Amino acid sequence: VQLQASGGGLVQAGGSLRLSCAASGRTFSNDNMGWFRQAPGKGREFVAHINWSGNIAYYADSVKGRFAISRDNAKNTVYLQMNSLKPEDTAAYYCAADVSQRIIRPSNVARVAPTYEYWGQGTQVTVSS
């Protein structure tokens, strides 16, 4: 299984970015997907989760109302639209796959890193003030 994240970059506060994560090597449409982030000197933090069909999503409180997760199963890709970016959003962003076989995870399970078996490389997001 390979997850390839892209779309990071440098943006001013208040700006927007869209991250993409392309999956290969397994049946993407059976898996739940998540985004996490890690800032320098901090632990990995949950950002968002979307279930296998795309009709259930969970968000960290810090990004709710600003970020939106979506997926296109025909393209084996999950997205993270990030709007109204803040300097505190600066981090490496990682996508991850939960090999769920179409199981719906409760929110408390979807928010923890061990739920996800496969991880992509990070894509850096830097928000300047």
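All of these numbers come straight from a predicted model, not from anything done at the bench.
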Quiz item: Going through the checks in order, is the side chain to side chain contact (heavy atoms under 4.5 Å, CB included) test met by R37 and V63?
Solution: CA-CA 12 Å; R37 66 187 182 186; V63 307; 3.9 Å; yes
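- Considering only heavy atoms from C-beta on, L19 comes within 4.5 Å of T123 through its side chain.
- A donor-acceptor distance shorter than 3.5 angstrom exists from the side chain of W52 to the backbone of R102, with no hydrogens or angles considered.
- The two residues C95 and A5 have their closest heavy-atom pair at SG-CB, 4.2 Å.
- Nearest heavy atom pair, residue S128 against residue L10, reads CB-CD1, 4.4 Å.
- The SG atom of C21 sits 10.5 Å away from atom CG of L80, with the distance rounded to the nearest 0.5 Å.
- Two residues are said to be in side-chain contact when any heavy atoms from C-beta on lie closer than 4.5 Å; Q124 and T90 meet this criterion.
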Exercise. Check the pair H49, I69 against side chain to side chain contact (heavy atoms under 4.5 Å, CB included), reporting the backbone distance first and the verdict last.
Key: CA-CA 7 Å; H49 167 98; I69 189 171; 5.5 Å; no
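- The shortest distance between side-chain heavy atoms of S62 and K86 does not fall below 4.5 Å.
- In this structure, A97 and D31 approach most closely via the heavy-atom pair CB-OD2, 4.4 Å.
- The CD atom of E45 sits 14.5 Å away from atom CH2 of W35, with the distance rounded to the nearest 0.5 Å.
- Between L3 atom CG and R26 atom CZ the span is 10.0 Å, to the nearest 0.5 Å.
- Note on residues 91-121: pairs passing ring pair (Phe, Tyr, Trp, His ring centres under 6.0 Å), not counting sequence neighbours, are F36-Y116, F36-W119.
- With contacts defined as side-chain heavy-atom distances shorter than 4.5 Å, the pair Y79/T77 qualifies.
- For residues 2-21, the pairs satisfying side chain to side chain donor-acceptor pair (under 3.5 Å) are S16-N83, with sequence neighbours left out.
- Not one N or O on the side chain of Q38 forms a donor-acceptor pair closer than 3.5 Å with the backbone of G43.
- When side chains are defined from C-beta on, R105 does not count as touching N51, because their heavy atoms never get closer than 4.5 Å.
- Put simply, the side chain of Y59 does not reach to within 4.5 Å of the side chain of F46, judged on heavy atoms.
- Residues N32 and I50 form no side-chain contact, since every pair of their non-hydrogen atoms from C-beta on lies 4.5 Å or further apart.
- Minimum heavy-atom separation, M33 to V78: CE-CG1, 3.9 Å.
- Listed by first and then second residue, the side chain to side chain donor-acceptor pair (under 3.5 Å) pairs involving residues 65-75 are R66-D89, R71-N73 (not counting sequence neighbours).
- I103 has its side chain out of reach of D98: every pair of non-hydrogen atoms, C-beta onward, lies at least 4.5 Å apart.
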